[in-house]
Amino acid sequence: MELNKIYNEDCLHGMKRIPDASIDLIVTDPPYFLGLTHNGQKGSFIDLAISRPFFDALFQEYKRVLKPDACVFFFCDWRGYAFYYPIFDAILGASNLLVWDKISAPGSKYSYSHELLIFHAPASVNKGGSSIFRVPGFSSGAKKVEGEKVHPTQKPLALIRQLVEAHSEVGDTVLDTFMGSGTTAIACMELQRNFVGYELDIKNFKIAQKRVFNM
Ligand SMILES: C[S@@+](CC[C@H](N)C(=O)[O-])C[C@H]1O[C@@H](n2cnc3c(N)ncnc32)[C@H](O)[C@@H]1O
């Protein structure tokens, strides 16, 4: 496996090439399935049962590749959390639920102005500070998120940078199994961390290649 590369493949398949206990941090943002509609019907929570074997296997792979003192940040929203939490906790151990406060967002039953991060930290990690993250100047409808917005669910670079900077050192290796437009890769390059990433969708992969490597 080469470092500082995004692979255009299913992360479960690609991760098999990552050596045991070689990753210093995982920061990842999986697809948020539950908002999907099918023939005009909204997806229901139970539909997610079909994804359970995937996430069981994914978290087992995370466990295998993580170094003993490594942390995991796993993004989800209020609907996905109930699905992910028991699987994540059973395999990796959940240490906290963190909140990204987007400050403002649309919504008619209160706004959807936050996203969640399931956090795993081993016993050796002792971190004070707030469990709520904010990105000054971020607005959820913005066309720019520190550079052009090129992916519908692109995370602000400043948010990912905060997580990478706080939980890894220069020269460490960060894994993002759902790279999207490559935000984690950019944060790693800026902070002199190595990265490994996977992006299954060819269109998103090309977007990331252009954004990260100018290819
Ligand atoms: C929520 S987006 C990530 C956005 C990213 N944080 C950013 O800032 O651009 C999730 C991405 O995971 C990709 N994906 C879905 N299933 C995958 C899989 N099995 N392996 C790798 N990538 C996958 C999707 O194509 C999508 O681009």
Side-chain angles (χ1 to χ4, degrees), residues 1 5-18 23 25-36 43 47-48 50-62 65 72-81 83-84 87-88 98 100 102 105 112 114-119 133 135 138-165 174-191 193 195-215:
M1 179 203 60
K5 193 168 165 159
I6 301 172
Y7 292 88
N8 177 212
E9 63 182 316
D10 186 330
C11 57
L12 255 191
H13 182 78
M15 278 187 76
K16 292 193 176 17
R17 298 190 302 274
I18 302 182
I23 296 294
L25 174 68
I26 296 176
V27 177
T28 201
D29 176 24
Y32 290 8
F33 314 95
L34 279 166
L36 291 182
D47 294 346
L48 268 181
I50 205 165
S51 310
R52 182 166 179 136
F54 177 89
F55 286 98
D56 264 328
L58 184 72
F59 295 153
Q60 291 290 358
E61 277 296 90
Y62 284 4
V65 301
V72 180
F73 292 96
F74 190 84
F75 279 90
C76 58
D77 70 359
W78 60 280
R79 290 166 291 209
Y81 176 69
F83 167 75
Y84 291 122
I87 316 173
F88 187 102
L98 310 176
W100 169 34
K102 301 201 241 183
Y112 298 104
H114 65 286
E115 289 184 32
L116 304 169
L117 297 97
I118 309 177
F119 179 54
F133 294 85
V135 177
F138 176 81
S139 139
S140 60
K143 293 269 183 300
K144 285 183 186 282
V145 197
E146 234 182 298
E148 209 64 39
K149 186 168 175 182
V150 290
H151 188 287
T153 57
Q154 189 171 327
K155 291 287 178 285
L157 185 51
L159 174 66
I160 304 300
R161 205 189 281 122
Q162 276 183 56
L163 308 179
V164 170
E165 190 158 34
V174 179
L175 169 66
D176 183 348
T177 47
F178 304 97
M179 264 288 179
S181 62
T183 310
T184 306
I186 295 176
C188 287
M189 284 162 82
E190 286 183 6
L191 296 166
R193 272 65 163 172
F195 63 88
V196 186
Y198 301 94
E199 174 51 52
L200 183 59
D201 182 294
I202 184 69
K203 188 169 136 267
N204 292 336
F205 172 75
K206 285 183 179 163
I207 287 170
Q209 289 295 98
K210 183 153 190 290
R211 183 167 175 235
V212 178
F213 303 111
N214 206 17
M215 281 166 65

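Remember, it's 1-based here, ligands and their atoms both numbered in the order they're listed. The residues of the chain are indexed from 1 along the displayed sequence.
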Would you say the side-chain atoms of Q154 pair up with the backbone N or O of V150, donor to acceptor, closer than 3.5 Å? yes
Inset, instruction - On the 0 to 90° scale, with breaks at 30° and 60°, tag the Y84-F74 ring pair as parallel, tilted or perpendicular. - result: perpendicular
Test side chain to side chain contact (heavy atoms under 4.5 Å, CB included), reference I23, set V65, V72, V174, output is V65
Return yes if some donor-acceptor pair links the side-chain N/O of S181 with the main-chain N/O of H151 below 3.5 Å, else return no.
-> no
If you count the non-hydrogen atoms of other residues, nucleotides and ligands that lie under 6.0 Å from CD1 in I50, is the total more than 12?
-> no
List of N/O pairs, ligand 1 versus protein, all under 3.5 Å?
{"residue": "ligand 1", "atom": "6 (N)", "partner": "D29", "partner atom": "OD2", "Å": "2.8"}
{"residue": "ligand 1", "atom": "8 (O)", "partner": "K155", "partner atom": "N", "Å": "2.9"}
{"residue": "ligand 1", "atom": "8 (O)", "partner": "T183", "partner atom": "OG1", "Å": "2.6"}
{"residue": "ligand 1", "atom": "9 (O)", "partner": "S181", "partner atom": "N", "Å": "2.8"}
{"residue": "ligand 1", "atom": "9 (O)", "partner": "S181", "partner atom": "OG", "Å": "2.6"}
{"residue": "ligand 1", "atom": "19 (N)", "partner": "D10", "partner atom": "OD1", "Å": "3.1"}
{"residue": "ligand 1", "atom": "20 (N)", "partner": "C11", "partner atom": "N", "Å": "3.0"}
{"residue": "ligand 1", "atom": "22 (N)", "partner": "L200", "partner atom": "N", "Å": "3.2"}
{"residue": "ligand 1", "atom": "25 (O)", "partner": "E199", "partner atom": "OE2", "Å": "2.5"}
{"residue": "ligand 1", "atom": "25 (O)", "partner": "N204", "partner atom": "ND2", "Å": "3.3"}
{"residue": "ligand 1", "atom": "27 (O)", "partner": "H151", "partner atom": "NE2", "Å": "3.0"}
{"residue": "ligand 1", "atom": "27 (O)", "partner": "E199", "partner atom": "OE1", "Å": "2.8"}
{"residue": "ligand 1", "atom": "27 (O)", "partner": "E199", "partner atom": "OE2", "Å": "3.3"}
{"residue": "ligand 1", "atom": "27 (O)", "partner": "N204", "partner atom": "ND2", "Å": "2.9"}

Worksheet item: Between E199 and G180, is there a donor-acceptor pair closer than 3.5 Å when you use the side chain of the first and the backbone of the second?
Response: yes
